[in-house]
Number of protein chains: 2
Amino acid sequence: MATIYDVAKIAGVSPKTVSRVLNGDAPVGEKTREAVEKAILELGYVPSNAARMMRSSRSGLIGLITGAISTTSDGNDPKGLPDLLIVQGIQSVMSATGMTLMIADTGGSSARVPELIRTFVEHRAEGIIYVADYHQHVELPPAPKGTPLVLVNCYDDRGTPSVLPDDERGQHDLVARLIEAGHRRIGYLTLPKGMDATRLRLEGYKRALAEAGIEFDPELISTGFMHDKHRNSAVLWDAIDRVLSLPNPPTVLCCGNDEMAMRAYGILRTRGIRMPEDISVAGYDNYRVIAETLFPPLTTAELPYAAMGARAADWLLSLINDETHQQTNPTLVSGPVNWRSSVTANASADGKTIRFPLSNGRNPQ
Amino acid sequence: MATIYDVAKIAGVSPKTVSRVLNGDAPVGEKTREAVEKAILELGYVPSNAARMMRSSRSGLIGLITGAISTTSDGNDPKGLPDLLIVQGIQSVMSATGMTLMIADTGGSSARVPELIRTFVEHRAEGIIYVADYHQHVELPPAPKGTPLVLVNCYDDRGTPSVLPDDERGQHDLVARLIEAGHRRIGYLTLPKGMDATRLRLEGYKRALAEAGIEFDPELISTGFMHDKHRNSAVLWDAIDRVLSLPNPPTVLCCGNDEMAMRAYGILRTRGIRMPEDISVAGYDNYRVIAETLFPPLTTAELPYAAMGARAADWLLSLINDETHQQTNPTLVSGPVNWRSSVTANASADGKTIRFPLSNGRNPQ
DNA sequence: CGGTGTCATGACATCGGTGTCACGATTCCA
DNA sequence: TGGAATCGTGACACCGATGTCATGACACCG
């Protein structure tokens, strides 16, 4: 591969002058510049980043660690693919600043993280971003001092900069919209207990009720999702059965995520219940392949993954450039409610109670 | 950041000896080794890849160009996220060989590709992989000579190494299984005309029929997908309506992909048609979030994305190491049929024709 | 006991750029 | 018109590793 010396020789100038043409850091004569540019084209010369980096000690690299790519393979993960939107958000900010993103995947095992961090440090990455596949607490190996680190979709106990979705507000806003649309009895099929998202969203749900002066009824809450994939179907069936059997059943079912809402569609339909005429359904995530493709399209709170990624990237860049860009930690990012036709615009405003036909078979499969 | 000289000074040896400890390329005395290792730990020394690379001219980097991450944002893409499984397949092979993957995203515009290739060349990537978001023809800028290139999910006219899904065989195998299960009238709602996948799969469909001695009936074929997202719903509704209105309607509907199948579920249900009792449905892709979550779970041909990625990575590595690893070009990768309960195991073996109840409203929304 | 080979180690050059400094040639302004 | 500032350029050292070669200390063999 051609070097700057080859170019210099052909153009009849010194290597340093070629460097100046490349970087424009000092004036160069018109004719000299042309000769150099011609030589560069002729040789197909591309400067070596490694050599440049040694001298200037700026690598232009950002390391990104994620399990997002690989966690999809065995599907034991409650969210699945959409967290890749975080990567997209990061990417768009980074490429605008000319930084290059090195993406490393944990392959599903967090044990590989130290090794990946080491690789990044070997490449002298100027900053590292760690993306978790769902909102959670993490404990990363001691930060490589000197290299700023930002966590996305997760947080630790050391006060590492962290960007999180505002689950409380997201659920609150969604429920508030449902109340606005006339719903008073709002069923909530939650994600597994113990997840941060579950707790926060339930708080948001309660706050929205409280603000509207509606009393919280624990009967309307049920866990609709298990980590054990194969039991999900039965768990959700049972959860739906329970809330619909209430003497005063809900007029809308909030599901913990869009995937669960998709399952709920199937279950409700096999029971002959129409949406949204008999009951409204709402999701969470705005997982577009699902939310927009389901019939009827799904009303859902958006998990602002792309925005979270962009925020994290901005934050990291300001840390690298040592700007005292004040950020609260963690930084909460909220998203809009996407209103679609799975929720009636004006539900049982008259307060009449709908009785659901219940089928006999417990498990439709 | 500490250098090899700092380590050498502390350990009381020459830098070269430290290098030997790091690389184990020459014998080092026991006590010397210990002293060096202690110094390395003490300083938290990590060797600089850039410096190492300059001497050895082996970067250990592989460049990966994809639109997979960003094309999801505006959703104008027929496949969506699953092509990320290709990245996962590549990743798993690469990390096993100690290569580091640099992933760059086109941000949806192929105009950025030359720029990204340049970045990889600057980093002296030892090979480049280009991943397309769906099976298609591409025309990349002239290959950076000296750097091997492998295309995945796409091909060009220059005979660049290319790994493609075997769409013909996938659809053939699926249809053959349907025939085996007793189906004779097989409706096929295709992806948009003009796509390679559409043409190849139709060939596979015909071949399976021919092998079973079933006559091809063009009435059973209809385009069910538009690139224009907002018209998809109507197009599919109409396509389904057409085939179901045939005097001798199909007993199973093959959909061009799983997303279309998901739409079909909604449409069929609003018309009061049960699956799989009244009609069976099959998809393509094995997009697991959809195929496994739908009720009933969807029978679908697998698009072997992860395997394609792995094959491409293997091929690239053999090109880099200059092995004369003979490969046919393009390399076709096929995947299994995933049999789930959306298809009846033994359909209308008696040959009786089912009449479908047709609703009046054209568009359910 | 001298010659040869192996072991353990260091001195030094080198990879391909860029930072620093120096220097001649212009241009500018008092 | 002379001194200062600016322009255009090159010589040289340096970034942090590793390849090459040299060297001294032993061990081994005939």
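To find a chain, count down the sequence lines: A is the first, B the second, and so on, and within it residues start at 1.
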Atom-to-atom span, CG of B/Asn49 to P of D/dT18 - whole angstrom: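 One finds 10 Å between P of D/dT18 and CG of B/Asn49, rounded.
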
Spatial distance of atom [atom1] ([X]) from atom [atom2] ([Y]) [nearest 0.5 Å]:
X: B/Asp166; Y: B/His135; atom1: CG; atom2: NE2; result: 9.5 Å
X: B/Met94; Y: B/Leu61; atom1: CE; atom2: CG; result: 11.0 Å
X: B/Thr66; Y: B/Ile86; atom1: OG1; atom2: CD1; result: 7.5 Å
X: B/Ser14; Y: B/Lys16; atom1: OG; atom2: NZ; result: 8.5 Å
X: B/Ser48; Y: A/Met54; atom1: OG; atom2: CE; result: 6.5 Å

Only residue of B/Asp196, B/Thr160, B/Val138 satisfying side chain to side chain contact (heavy atoms under 4.5 Å, CB included) with B/Tyr155 is B/Asp196

Is any side-chain heavy atom of [X] closer than 4.5 Å to a side-chain heavy atom of [Y]?
X: A/Met308; Y: A/Pro165; answer: yes
X: A/Val36; Y: A/Val28; answer: no
X: A/Met102; Y: A/Ile62; answer: no

Considering all heavy atoms of both residues, which atom of B/Met53 and which atom of B/Ser59 are nearest to each other, and what is their separation?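 Result for this residue pair: SD-CB, 3.5 Å.
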
Across every strand shown, the nucleotide meeting Watson-Crick or G-U wobble geometry with D/dC29 (both distances under 3.5 Å) is C/dG2

*Ignoring backbone atoms, test whether A/Thr17 places a side-chain nitrogen or oxygen under 4.0 Å from the OP1 or OP2 oxygen of D/dG10.*
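Looking at the OP1 and OP2 atoms of D/dG10, one of them is under 4.0 Å from a side-chain N or O of A/Thr17.
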
Just the atom pairs and distances: protein N or O near nucleotides 22-25 of chain D's N or O, under 3.5 Å.
none

Note: contacts of residues 26-39 of chain B with DNA chain C (heavy atom, under 4.0 Å) are B/Pro27, B/Val28, B/Gly29, B/Thr32

For nucleotides 12-19 of chain C, 5' to 3', base contacts (B), sugar-phosphate-only contacts (S) and non-contacts (-) with protein non-hydrogen atoms under 4.0 Å give --BBBBBB

